[in-house]
Amino acid sequence: MSFFSLSFLLFVATLLLLFHQSRSKTFRRALLTAANVAFLLTFATTLPNFAALVAVVGLGYLALRLVRARSSSRLAAFCVTMVIASLLYLKRYDVLIVVLPERALAHTLEIVGLSYFSFKLIHMLVDAYQGVLAPVSLVGYLNYHLGFVSLVAGPIQRYNDFHQFWEEIDAGPPDGRSGLLAWNRLLNGLVKIGLLASAATLVFDLSERRAQSGEILGVVGMFYSYPAYVYFNFAGYCDIVIGAAALIGLKHQENFDRPYLARNLIDFWNRWHISLTLWIRDYVFMSSFKAVATRWPRRARAVGYALLFVSLFLAGVWHGPGRNFAAFGFVHGIGVLVCQMYVDILRGRLGRAGVQRYLASGWFRFGARALTFNYVCFSFLFFRPWVDPLMDFLARRT
Amino acid sequence: LTDVRQTFLEVFREVFEDDRLMIEDRQSAKDFVDWDSLRHISLIIAVEQRFRVRFATAEISRLTEPDQNIGTFLQLLTRKLEQSTP
């Protein structure tokens with residue numbers, strides 16, 4: 001079921017009508033479970049896909065129970081490794097050719113929301129091992145992972161936040177103002193996808209035709225319209241799911257904060273797909289940096305730079321198995337690395353007060369924003385394989 | 001608690017390489033131009049080593065949220081110390 005459809009609006013409206021009929025926890029949990037299953041079934045195109053989904057989610061639950069019961073670091077590490085391996089296998093990442101015959105990757109399984117499921121499961125496994133995960137029931141686990149408000153493309157909600165909602169599911173309806181704001185948020189999302197993302201697509205298609213006939217304006221149009229499309233489409237989706245979730249009392253984290261106004265690439269990632277950035281920061285960057293810096297404190301800064309690059313590279317690779325996503329991650333990894341080094345040099349030369357003056361300068365802020373925005377647009381050249389017309393154009397000019 | 005606070009301040013001064021640094025409970029990372037992700041982890045490691053406590057990934061992450069500040073960091077540390085006291 002598409003989020004930009006009348007059927008989705010009817011689905012949400014029907015769920016809401018029923019949801020607020022009773023404040024019984026059992027009724028609401030059963031209703032939400034039924035709604036999530038119904039929504040999920042609209043994505044389960046074939047029996048093998050559905051069976052693979054059941055297997056992955058079921059094994060994840062068993063792994064979680066084991067890690068919780070044993071509290072062994074080796075077991076937790078093994079389970080996390082298995083989650084990553086199954087993600088790479090099911091998404092058919094080329095890197096597995098090193099250890100698997102090519103025909104092993106020739107399967108046709110497609111599991112909806114697999115990347116998001118894997119990230120959420122890793123977070124649960126780590127938190128369970130460290131003893132900070134809230135209690136998990138099978139029904140709660142299934143609704144957390146397969147809930148319609150984050151199944152397809154996030155945001156990556158943390159389990160303890162979901163658990164709080166699940167425990168307080170009998171809360172009263174949102175007050176009039178909150179309810180209207182939630183609907184407003186949902187409708188904003190529809191406008192972003194239906195109007196703004198569609199307009200950006202139109203500009204992109206027109207620009208592509210012009211670029212193919214050798215016009216530089218076409219290349220410029222493609223360069224800026226695709227990032228506009230990605231933003232409006234994804235931010236619109238997030239508005240819809242955040243609004244829909246709020247209507248049943250589930251609070252989702254914000255996923256965007258005016259990302260194209262970022263003053264550097266580190267700032268950009270604090271504003272773009274925020275739940276992914278925070279997940280990577282917590283479970284990739286901070287965890288590995290802490291482990292390394294504790295053992296080798298003198299090399300901490302250098303290792304920190306390397307891990308910043310690796311983290312952003314992984315953020316790119318996570319989008320899919322294509323090499324274009326690896327290139328996207330590489331461009332962002334290098335960009336963030338250069339930003340961090342530049343900031344450190346500034347601090348060393350200008351001192352705390354000098355950096356504050358530098359950051360307050362309107363001219364520097366404007367220049368930094370323009371540079372960051374154009375660098376991000378450049379990185380989106382690698383986001384999908386539409387780079388060919390641009391290459392053709394450049395080849396003709398040189 | 002006074003001893004904990006004083007040692008906590010010493011850790012901050014070491015990590016931020018500033019002997020005259022003063023901290024207040026209501027201050028947070030955004031009040032320090034050099035409190036970035038790398039410094040945040042260095043601070044966590046230094047606090048863990050000085051006080052012989054361990055922070056979980058989720059706890060370290062929680063400390064960076066907008067409603068958190070030095071005061072809530074100190075409260076978390078105090079709770080950890082209380083839990084580790086036999």
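Not measured: the values here are computed from a predicted model. Only this structure's heavy atoms are used, side chains among them; waters, hydrogens and symmetry mates stay out. The sequence lines fix the lettering, A, B, ..., with proteins before strands; numbering per chain opens at 1.
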- Could you check whether the rings of B:Phe32 and B:Phe12 sit parallel, tilted or perpendicular, using 30° and 60° as the cut-offs? tilted
Okay, A:Ala300 and chain B: the region with an atom under 4.5 Å from a heavy atom over there is neither
Cut-off 4.5 Å, heavy atoms of chain B, and the answer for A:Phe285 is side chain
Turns out that what part of B:Leu38 lies under 4.5 Å from chain A's heavy atoms comes down to both
Should we count CZ of B:Arg54 as having more than 12 external heavy atoms under 6.0 Å?
no
Measure from NZ or CZ of B:Lys80 to the centre of the six-membered ring of B:Phe51 and say whether it is under 6.0 Å with the direction within 45° of the ring axis. no
In terms of ring plane angle, is the pair A:Phe256 and A:Trp272 parallel, tilted or perpendicular, where the classes change at 30° and 60°? perpendicular
In terms of heavy-atom pairs under 4.5 Å with chain A, the winner among B:Ile60, B:Thr64, B:Thr57 is B:Thr57
Whatever's closer than 4.5 Å to a heavy atom in chain A on B:Phe16 counts as both
Donor-acceptor pair, side chain of A:Arg271 and main chain of A:Asn255, under 3.5 angstrom: no
Answer key: most heavy-atom pairs under 4.5 Å with chain B among A:Thr294, A:Leu278, A:Val126, A:Asp127 is A:Thr294
Can a salt bridge be assigned to the pair B:Arg62 and A:Asp282 using a cut-off of 4.0 Å between side-chain N and carboxylate O? no
If one checks every heavy atom of A:Asn160 against chain B at 4.5 Å, the contacting part turns out to be neither
